[in-house]
Amino acid sequence: MSNRLYLKYAEPKWVREGAEPFSVIFMDLDNFKNINDSYGHSYGDLILKQVAKRLVSIFNDEGLVCRQGGDEFIILYKKVKQKNLDKIAIKVLAEISKPYNIENYKFTIGASIGICRYPADGDSFDSLFSAADTAMYQAKYSKSNYFIFTRELKEQIYQTSQIEQALHIALKNHEFHMVYQPQIASKGALYGVEALVRWSNPELGLIPPDKFIPIAEDSGLILELGHFIIDQSIKDIAKLSNINDSIDLQLSINISVRQFLEFGFLDRLKNSLLSHKFPSRQLTLEITESIFIDDFDYMLPLFQEIRSLGIKISLDDFGTGFSSLSMLKNLPIDELKIDKSFIDNISNNTQDRAMVINILNIASNLGLKVVAEGIELPKQAEMLSDFKCDIQQGYFYSRPVKLLELEQYCSSYINASHSPANHSKQDKLPESSDSQKPY
Ligand code: C2E
Ligand code: CA
Ligand code: CA
């Protein structure tokens, strides 16, 4: 078995003009640290020796097996065809996951594998190892055990880094703006809006939040962006109330976990409310349930403090994740947003309909408000009204719109009567309006 030093020495032989194609197989043992931590390094080392032995015997003279350090192995494999790579990856995973007998203990471990090819995916060991490493992370991420580097992955990584670069200067360049999607209460009254951020970059064009929010979260840029989102939305909706006394909108803002973890989050929020004279009881923070997975103990007192100020907490995308109806009573929340996927089929899928009715019943017992989102069809709106769903939101009522259009929307609301039969027609903004665009 070879080590990292040997690889450096071998590089000119494998990577040179006219060299044969080969593939790089990068293998990382899953949760190996747990074994070291629980049983000690001597057990860990013995297992690693057996892993190496198994690898060497699998590849024989068809591949060069190297210990990359820690619990990572690199194999330079002489085959490159897709079917050979699939076959070998499956074989390695099967062999590695067989039990290891060390003294009186029996261990089993899993592994993740990333594979790339020379010369297609890199022209040096460094670039190849990095591509194989990326593929390995993709395998872990998609929980698929192995992943072969693809052009699409390369393109995706390139795009991500392009977006991240552009994000760094986007705030300073004022490339973000907010749009607001109306929420309609039962009997057709205008209840509030959800604030949604939009990014328009001169080179990349209009980038959807689904694409850039996760990148902003990973890179930490969500903090600065979050400051803008919170302050701008509060400022905008406060302004609406100032213009017209009869407008008293609820404002819902999406908040990422990272933002809650930022030191001084709540002080900043309070400052925004104060400086724009926006009442805290008109504010809702939308969170996703992932927040409760790792950070429940930290979040609980924070959410209690937030709620003691009169600010509401809403659980977004409800029904898509791990939270079950029975857990709801233990969560520090005031509102549920039923995910669009349930609303989509409410009129033709009895299971989805039953689920929605169930959610509504339990929420009502627990004193939680329910918002149904993604309503696109009159039939869906009608059914939800029949089921006594408190609040509805979706393209059927309005797309997310800029502040100016929201102002017009509010005025037309005040002028019109508030019967449910009326609002669905008049609330669609004029045909000419920008609101027809999927902002
Ligand atoms: P979300 O919080 O679930 O927001 C609802 C999404 O559904 C929005 O997409 C909205 O435009 C879209 N939508 C509303 N009604 C309908 C409908 O009837 N049909 C369809 N097909 N879609 C509808 P958007 O604005 O693209 O946002 C996507 C996601 O990006 C949001 O999902 C949220 O997770 C995130 N996001 C957007 N703005 C912000 C923000 O300001 N802060 C944070 N942290 N995340 C944001
Ligand atoms: Ca939301
Ligand atoms: Ca949602």
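By convention here, the first residue in the shown sequence is residue 1. Given the structure is predicted, the values throughout are model-derived calculations rather than measurements. When a ligand or atom number is given, it counts from 1 through the structure's own listing order.
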Note to self: Testing the 3.5 Å rule here: is there a donor-acceptor pair between the side chains of E194 and N254?
What the structure shows: yes
Under 4.0 Å from one or more heavy atoms of G394, ligand 1 contributes atoms 15 (N), 18 (O)
Exercise. Does K340 pair with D344 as a salt bridge, N-O distance under 4.0 Å?
Worked result: yes
message = Regarding ligand 1, does S256 bring an N or O atom to under 3.5 Å of one of the ligand's N or O atoms?
response = yes
Notebook entry, point to check: Is R117 positioned over the aromatic face of Y77, cation under 6.0 angstrom from the ring centre and no more than 45 degrees off axis?
Noted result: no
* To do: Please verify whether a non-hydrogen atom of E217 lies at under 4.0 Å from ligand 1.
  => no
Donor-acceptor pair between H276 and D236 side chains, under 3.5 angstrom: no
TODO: Measure from the side-chain N and O atoms of S347 to the backbone N and O of K379, and report whether any donor-acceptor pair falls under 3.5 Å.
DONE: no
Fill in: Pair E262-H227, side-chain donor/acceptor within less than 3.5 Å
yes
| message | I'd like to know whether the aromatic ring centres of F342 and F318 sit less than 6.0 Å apart in this structure. | response | no
Numbered in order shown, the ligand 1 atoms found under 4.0 Å of a heavy atom of P400 are 11 (O)
With heavy atoms and a 4.0 Å threshold, my read on which part of Q181 contacts ligand 1 is side chain
Here the atoms of ligand 1 under 4.0 Å from any heavy atom belonging to D317 are 3 (O)
Can you tell me how the ring of F176 sits relative to the ring of F228, calling it parallel under 30°, perpendicular over 60° and tilted otherwise?
tilted
Of T288, V257, I213, I343, the residue with the heavy atom nearest atom 45 (N) of ligand 1 is I213
Contact region, E373 to ligand 1, non-hydrogen atoms below 4.0 Å, reads side chain
Under 4.0 Å between heavy atoms, the region of K340 that gets near ligand 1 turns out to be side chain
| 4.0 Å heavy-atom contact, P208 with ligand 1 | no
For Q183 and Q393, test the side chains for any donor-to-acceptor distance below 3.5 angstrom and give the result as yes or no. yes
Any protein N, O or S atom under 3.0 Å from the Ca ion (ligand 2)? Found E194 OE2, N254 OD1, E286 OE1, D316 OD2
Checking heavy-atom distances from atom 19 (N) of ligand 1 to each of R258, Q380, E376, the winner is E376
Quick look: I375 vs ligand 1, heavy-atom contacts under 4.0 Å, and the answer is backbone
Counting from 1 in the order shown, the ligand 1 atoms closer than 4.0 Å to a non-hydrogen atom of E194 are 2 (O), 4 (O)
key: Side-chain (Q380) to main-chain (E376) donor-acceptor, under 3.5 angstrom   = yes
Contact region, I229 to ligand 1, non-hydrogen atoms below 4.0 Å, reads side chain
(request) Could you please spell out the steps behind the side-chain hydrogen bond (donor to acceptor under 3.5 Å, both in side chains) verdict for S341 and D339? (result) CA-CA 5 Å; S341 52; D339 192 65; 2.7 Å; yes
Heteroatom proximity flag, P209 to ligand 1, N/O under 3.5 Å:
no
Contact between R399 and ligand 1, counting heavy atoms under 4.0 Å? no
Test side chain to side chain contact (heavy atoms under 4.5 Å, CB included), reference V24, set F125, F129, F149, output is F129
A student comparing Y395, F176, F396 should find that the heavy atom closest to atom 23 (C) of ligand 1 comes from Y395
Practice item. Spell out, as yes or no, whether a donor-acceptor pair under 3.5 Å connects the side chain of N201 to the backbone of E203. Key: yes
Going by the 4.0 angstrom heavy-atom rule, the piece of D316 near ligand 1 is side chain
Could you check whether S385 and Q392, counting side-chain N and O atoms only, form a donor-acceptor pair closer than 3.5 Å?
yes
Exercise. Establish, yes or no, whether a centroid distance under 6.0 Å links the rings of Y137 and Y141.
Key: no
